[in-house]
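Single-structure report; data block below.
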Amino acid sequence: QVQLVESGGGLVQPGGSPRLSCACRYSRSTININAMGWYRQAPGKQRELVATITTGGSTNYADSVKGRFTISRDSAKNTMYLQMNSLKPDDTAVYYCQADAIWVNSRTMNTYWGQGIQVTVSS
């Protein structure tokens with residue numbers, strides 16, 4: 001089992017720079033997480049990729065957030081972050097933390113999701 005808990009959302013003014021956090025709790029003896037990411041879903045729209053990061057530190061960003069958002073990980077705290085800069089109203093969405101995990105014994109890969117956190121960009 002993998003538990004993901006997001007925090008840091010809320011109401012933000014345009015141009016603001018909040019930081020989202022995702023605390024990841026899992027059994028290190030049975031699960032190996034090799035990639036994590038942030039997704040978002042705006043009202044009436046499909047869930048879309050925001051950014052991903054691998055264990056090796058490779059990152060990938062959606063075109064809509066390149067140059068504005070930064071994804072990072074703190075392995076000691078088992079926490080992933082999304083630094084959001086120059087926010088626009090179009091960034092308003094529920095943001096979800098995601099993790100791809102491999103069970104050590106079976107080598108079976110599963111995807112886990114947090115419950116999501118609301119980010120509203122409005123003046």
Side-chain angles (χ1 to χ4, degrees):
Q1 61 178 0
V2 176
Q3 185 178 15
L4 305 173
V5 181
E6 302 97 336
S7 62
L11 179 61
V12 184
Q13 293 185 343
S17 302
R19 187 180 71 166
L20 303 183
S21 299
C22 174
C24 181
R25 295 178 171 82
Y26 64 98
S27 175
R28 294 172 179 78
S29 63
T30 58
I31 296 175
N32 182 21
I33 296 179
N34 62 353
M36 298 183 68
W38 289 96
Y39 290 73
R40 68 184 182 185
Q41 187 168 18
K45 296 184 178 180
Q46 298 289 325
R47 186 176 301 183
E48 64 178 0
L49 170 71
V50 176
T52 60
I53 186 168
T54 67
T55 302
S58 298
T59 58
N60 178 259
Y61 297 91
D63 290 339
S64 59
V65 305
K66 284 183 178 179
R68 298 191 298 122
F69 292 8
T70 302
I71 188 172
S72 62
R73 296 174 65 181
D74 186 335
S75 59
K77 296 182 178 180
N78 291 326
T79 302
M80 180 178 64
Y81 304 95
L82 183 67
Q83 179 63 59
M84 309 165 69
N85 298 319
S86 302
L87 285 186
K88 303 180 293 185
D90 286 347
D91 295 317
T92 296
V94 176
Y95 285 72
Y96 295 89
C97 178
Q98 179 263 354
D100 291 329
I102 299 176
W103 291 79
V104 175
N105 292 333
S106 66
R107 304 298 296 173
T108 301
M109 180 171 161
N110 294 98
T111 299
Y112 298 89
W113 296 89
Q115 293 186 349
I117 187 167
Q118 179 71 43
V119 175
T120 301
V121 184
S122 176
S123 60

Audit row: Tyr95, Met84, side-chain contact (heavy atoms from CB on, under 4.5 Å) steps and yes/no
CA-CA 12 Å; Tyr95 285 72; Met84 309 165 69; 3.5 Å; yes
Identified side chain to side chain contact (heavy atoms under 4.5 Å, CB included) partner of Tyr61 from the options Thr70, Ile53, Thr52
Thr70
State, without any angle test, whether [X] and [Y] hold a side-chain donor-acceptor pair at a distance under 3.5 Å.
X: Ser29; Y: Ser27; answer: yes
X: Thr55; Y: Asn34; answer: no
X: Tyr81; Y: Arg19; answer: no

Is there a side-chain contact between [X] and [Y] (heavy atoms, below 4.5 Å)?
X: Met36; Y: Asp100; result: no
X: Cys24; Y: Ile33; result: yes
X: Leu82; Y: Met80; result: no
X: Thr92; Y: Asp90; result: no
X: Gln3; Y: Tyr112; result: no
X: Gln83; Y: Ser17; result: yes
X: Trp38; Y: Ile71; result: yes
X: Leu20; Y: Val119; result: yes

Write down the atom of [X], the atom of [Y], and the distance for their closest heavy-atom approach.
X: Val104; Y: Asn32; answer: CG2-N, 4.5 Å
X: Ser123; Y: Pro14; answer: N-CD, 3.7 Å
X: Gln115; Y: Tyr96; answer: O-CE2, 3.4 Å

In this structure, is the centre-to-centre distance between the rings of Trp113 and Tyr39 below 6.0 Å?
yes
Can you tell me if Arg40 uses its side chain to pair, donor with acceptor, with the backbone of Ala93 under 3.5 Å?
no
Under 3.5 Å donor-acceptor, Glu6 side chain and Cys97 backbone:
yes
Euclidean distance, Asn105 CG relative to Thr30 OG1, rounded to 0.5 Å:
8.0 Å
In Å and rounded to the nearest 0.5 Å, what is the OG1 to CZ distance from Thr79 to Arg73?
10.5 Å
Count the heavy atoms of every other residue, nucleotide or ligand shown that sit under 6.0 Å from CG of Asp74, and state whether that count exceeds 12.
yes
For the pair Lys88 and Asp91, find out whether any cationic side-chain nitrogen is under 4.0 Å from an anionic carboxylate oxygen.
no
Hydrophobic cluster membership, Leu4 vs Leu49, 4.5 Å side-chain cutoff
no
